[in-house]
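Below is one structure; the comments refer to it alone.
What's counted below: heavy atoms across the whole structure, side chains too, no hydrogens, waters or symmetry copies. Here the structure is a predicted model, which is why all the values come from computation and not from measurement.
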Amino acid sequence: MLFFRRNISEQTDEELLQHYMKSGETEYFGELYNRYIPLLYGVCLKYLKDEARAQDAVMELFEDLLPKVTHYEIKTFRTWIYRVVKNHCLQILRKDSKEVSLDYTVHIVESDEFLHLLCEEESNADQLEALHHCLKKLSEPQRVSIRHFFIEEMSYADIVAQTGFTLNNVKSYIQNGKRNLKICIKNQLKE
């Protein structure tokens with residue numbers, strides 16, 4: 001019986017990711033990553049505002065992800081890699097300076113661990129139940145800010161305009177709400 005192996009460039013993102021997860025062969029992840037280099041470079045350029053640094057960041061990210069990607073549960077590679085590259089750029093900016101200047105009209109991506117809980121297709125039933133229970137326990141300003149920021153994907157500026165909260169309050173409500181949710185969810189899942 002003769003098996004036909006499709007050309008690697010003809011495989012879907014999901015097939016390439018599956019092959020890499022099972023075999024660990026770099027060529028699969030390399031092909032998949034190469035498809036997204038223009039997107040990744042664009043995001044890096046937007047945040048880092050320097051062509052050479054953006055190119056370095058794209059290559060650095062590949063080297064960082066290669067050994068780690070098998071530890072993640074990835075449903076849609078494009079969405080996942082977009083979040084990862086934005087976080088990578090923010091980490092670079094944080095290392096450069098204590099103050100990161102960002103346009104608050106842009107959506108800032110928070111930790112993948114927290115976003116994972118908000119993405120219903122990636123969460124199990126217990127996590128979702130705990131999340132919904134814990135959202136109800138937050139103070140009203142925290143709950144409103146968390147919903148607007150993570151679920152409705154509003155920017156800080158949009159939340160300020162929508163709610164009348166100050167920018168510092170919105171940032172504080174999101175930060176504290178996220179921390180409170182994480183603690184509550186952890187406790188709920190232990191029970």
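The shortest side-chain heavy-atom distance between His133 and Lys137 falls under the 4.5 Å cut-off. Ile92 has its side chain within reach of Arg53: a pair of non-hydrogen atoms, C-beta onward, lies under 4.5 Å apart. Using a 4.5 Å heavy-atom cutoff, the side chains of Cys44 and Val85 are in contact. With a 4.5 Å cut-off on side-chain heavy atoms, Phe77 and Leu32 count as touching. Side-chain atoms of Gln142 and Ile174, non-hydrogen and from C-beta on, never get closer than 4.5 Å to each other. In this structure the side chain of Lys86 never reaches within 4.5 angstrom of the side chain of Arg83, judged on heavy atoms. Proximity of Glu15 to Thr12: side-chain heavy atoms (C-beta onward) are separated by under 4.5 Å at one or more points. In this structure, Lys182 and Lys178 have side chains that are not in contact, with every pair of non-hydrogen atoms separated by 4.5 Å or more.
In the hydrophobic cluster analysis, where Ile, Leu, Val, Met, Phe, Trp and Tyr join through side-chain heavy atoms closer than 4.5 angstrom, Leu90 is grouped together with Leu39.
The aromatic ring centroids of Tyr82 and Tyr36 lie 6.0 Å or more from each other.
Evaluation of the side-chain contact (heavy atoms from CB on, under 4.5 Å) rule for Gln55 yields Tyr41 as partners, not counting sequence neighbours. Residues satisfying the ring-ring contact (aromatic ring centres under 6.0 Å, His included) criterion with Tyr33, sequence neighbours excluded, are Phe29, Phe62. Residues forming a side-chain contact (heavy atoms from CB on, under 4.5 Å) with Ser172 (at least two apart in sequence, or on another chain): Asn176. Residues that satisfy the side-chain contact (heavy atoms from CB on, under 4.5 Å) test with Gln162, not counting sequence neighbours, are His148, Met154. The side-chain contact (heavy atoms from CB on, under 4.5 Å) search around Asp56 returns none, not counting sequence neighbours.
Between the CG atom in Asn169 and the CD1 atom in Ile159 there is a gap of 12.0 Å [rounded to 0.5 Å].
Side-chain contact annotation: His88 with Glu60, donor-acceptor N/O pair under 3.5 Å present. With no hydrogens or angles considered, no side-chain donor-acceptor pair links Asn168 and Thr166 at under 3.5 Å.
A donor-acceptor pair under 3.5 Å is absent between the side-chain atoms of His19 and the main chain of Leu16, judged by distance alone.
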**Request:** Apply side-chain contact (heavy atoms from CB on, under 4.5 Å) to the pair Arg143 and Arg147, showing each step before the final yes or no.
**Result:** CA-CA 6 Å; Arg143 183 172 45 254; Arg147 283 191 186 277; 3.9 Å; yes
**Message:** Quick one, Asp13 with Arg78, criterion salt bridge (charged side-chain N to carboxylate O under 4.0 Å, His left out). Give me CA distance, side-chain angles, the key distance, then yes/no.
**Reply:** CA-CA 8 Å; Asp13 291 355; Arg78 181 182 181 89; over 6 Å; no
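Environment of CD in Glu14: crowded, with over 12 heavy atoms of neighbouring residues, nucleotides or ligands closer than 6.0 Å.
The list of disulfide bond (SG atoms under 2.5 Å apart) pairs with a residue in residues 127-185, not counting sequence neighbours, reads Cys134-Cys184.
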